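Both counts, for ligands and for their atoms, begin at 1 and track the order of listing. These numbers come from a predicted model, not from an experiment. Sequence positions, counted from 1, serve as the residue numbers for this chain.
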Amino acid sequence: MKKREITTVTYEYSVEELSKEEQLLIEKSKEAVKNAYAPYSKFKVGAAVLLANGEIITGTNQENAAYPSGLCAERVAVFYANSKYPDVPVKAIAVTAFTNNKFVKTPVPPCGSCRQVLVETETRFNTPIKIYLVSETGITVIHDAKELLPLNFDESSLNN
Ligand code: THU
């Protein structure tokens, strides 16, 4: 038997410690929250994606009366960015959530399906995606999506 241990590294920042470019991305994710369609959960999520061409694309969660038909903010933003610019790498994503009339106190981590999509996007463009999880108390930064999804399934698994 061999034991293998996998660790995940995250960094905690105050907004002021981040660069102006990073702060702008965070601000865009906060602004996006108001466009969320979340009548069922009342949990509004905004995502802002920074592309290698400098453009910022935002997305919000889109719910549905048939609950599983809805989609998270992260995937809405990433899929839209990749549809608009299929050849432009995604460099970073900021995610903010708003519920009970306020921004969340603790950062909201992306769900498993969003992690899978973020990892696919990293692999597709061979570019790490920096993740900013936004909350009122600070920003959690993760240096790439693989950090959040170790032992991930990807195209190399298909070509085994
Ligand atoms: N949601 C997101 O948009 N992103 C996340 O990272 C977590 C969850 C959405 C899905 C659903 O519309 C609502 O939040 C409650 O789960």
Side-chain angles (χ1 to χ4, degrees), residues 6-15 18 21-51 55-86 88-125 127-154:
I6 301 169
T7 50
T8 296
V9 182
T10 69
Y11 301 85
E12 307 299 323
Y13 286 89
S14 62
V15 186
L18 296 169
E21 191 190 42
E22 291 169 310
Q23 289 185 27
L24 176 67
L25 191 67
I26 287 164
E27 212 36 59
K28 292 283 177 195
S29 73
K30 289 178 110 170
E31 277 171 23
V33 149
K34 65 177 184 305
N35 296 337
Y37 178 63
Y40 305 104
S41 71
K42 317 264 190 250
F43 190 80
K44 296 182 167 197
V45 185
V49 163
L50 173 67
L51 297 176
E55 195 167 321
I56 292 175
I57 301 263
T58 59
T60 60
N61 53 333
Q62 300 294 313
E63 297 188 347
N64 196 285
Y67 293 175
S69 301
L71 203 62
C72 294
E74 295 92 321
R75 275 176 289 162
V76 169
V78 168
F79 287 155
Y80 177 48
N82 291 340
S83 301
K84 196 171 179 199
Y85 298 111
V88 180
V90 172
K91 282 177 60 184
I93 185 168
V95 186
T96 302
F98 184 94
T99 191
N100 299 319
N101 290 315
K102 53 178 173 43
F103 288 108
V104 291
K105 276 202 284 299
T106 48
V108 170
C111 78
S113 297
C114 288
R115 293 175 196 212
Q116 183 69 30
V117 166
L118 289 168
V119 168
E120 177 85 18
T121 310
E122 282 186 342
T123 310
R124 170 180 178 174
F125 296 114
T127 304
I129 301 175
K130 211 162 173 182
I131 301 169
Y132 299 87
L133 305 178
V134 184
S135 79
E136 283 305 86
T137 49
I139 316 294
T140 300
V141 179
I142 298 126
H143 281 188
D144 63 71
K146 280 199 181 70
E147 199 74 38
L148 289 181
L149 195 65
L151 303 178
N152 65 290
F153 182 89
D154 61 18

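The shell of residues lying under 4.0 angstrom from ligand 1, judged by heavy atoms, includes Pro110. For the pair Cys111 and ligand 1, a heavy-atom separation below 4.0 Å is found. At a 4.0 Å cut-off, at least one heavy atom of Pro109 sits close enough to ligand 1 to count as contact.
Protein heavy atoms all stay at least 4.0 Å away from atom 16 (O) of ligand 1.
Interface atoms of ligand 1 facing Glu63, defined by a heavy-atom separation under 4.0 Å, are 11 (C), 12 (O), 13 (C).
Geometrically, ligand 1 and Ala73 share a nitrogen or oxygen pair separated by less than 3.5 Å. Looking at Ser41 next to ligand 1, no N or O pair under 3.5 Å apart turns up.
Under a 3.5 Å cut-off, the side chain of Thr8 and the backbone N or O of Glu147 do form a donor-acceptor pair.
Remark: Glu136 CD is packed, more than 12 non-hydrogen atoms of other residues, nucleotides or ligands lying under 6.0 Å away. Heavy atoms from other residues, nucleotides or ligands lying under 6.0 Å from NZ of Lys146 number more than 12.
Rounding to the nearest 0.5 angstrom, the gap separating the CG atom in Leu51 from the CD1 atom in Ile57 is 5.5 Å.
For atom 10 (C) of ligand 1, the closest heavy atom belonging to the protein is Cys72 SG, 3.9 Å. Of all protein heavy atoms, the one lying nearest to atom 9 (C) of ligand 1 is Asn61 ND2, 3.6 Å. Annotation: atom 7 (C) of ligand 1 to nearest protein heavy atom, Val108 CG1, 4.2 Å.
With hydrogens and angles left out, the side-chain atoms of Glu31 and Thr58 include no donor and acceptor closer than 3.5 Å.
Annotation: side chain of Val141 is not in contact with side chain of Glu22 (no heavy-atom distance under 4.5 Å). For the pair Thr99 and Val104, the minimum side-chain heavy-atom distance is below 4.5 Å.
The proximity of Glu74 to ligand 1, defined as any non-hydrogen pair under 4.0 Å, is limited to the side chain.
Nearest heavy atom pair, residue Gly59 against residue Ala32, reads O-CB, 4.2 Å.
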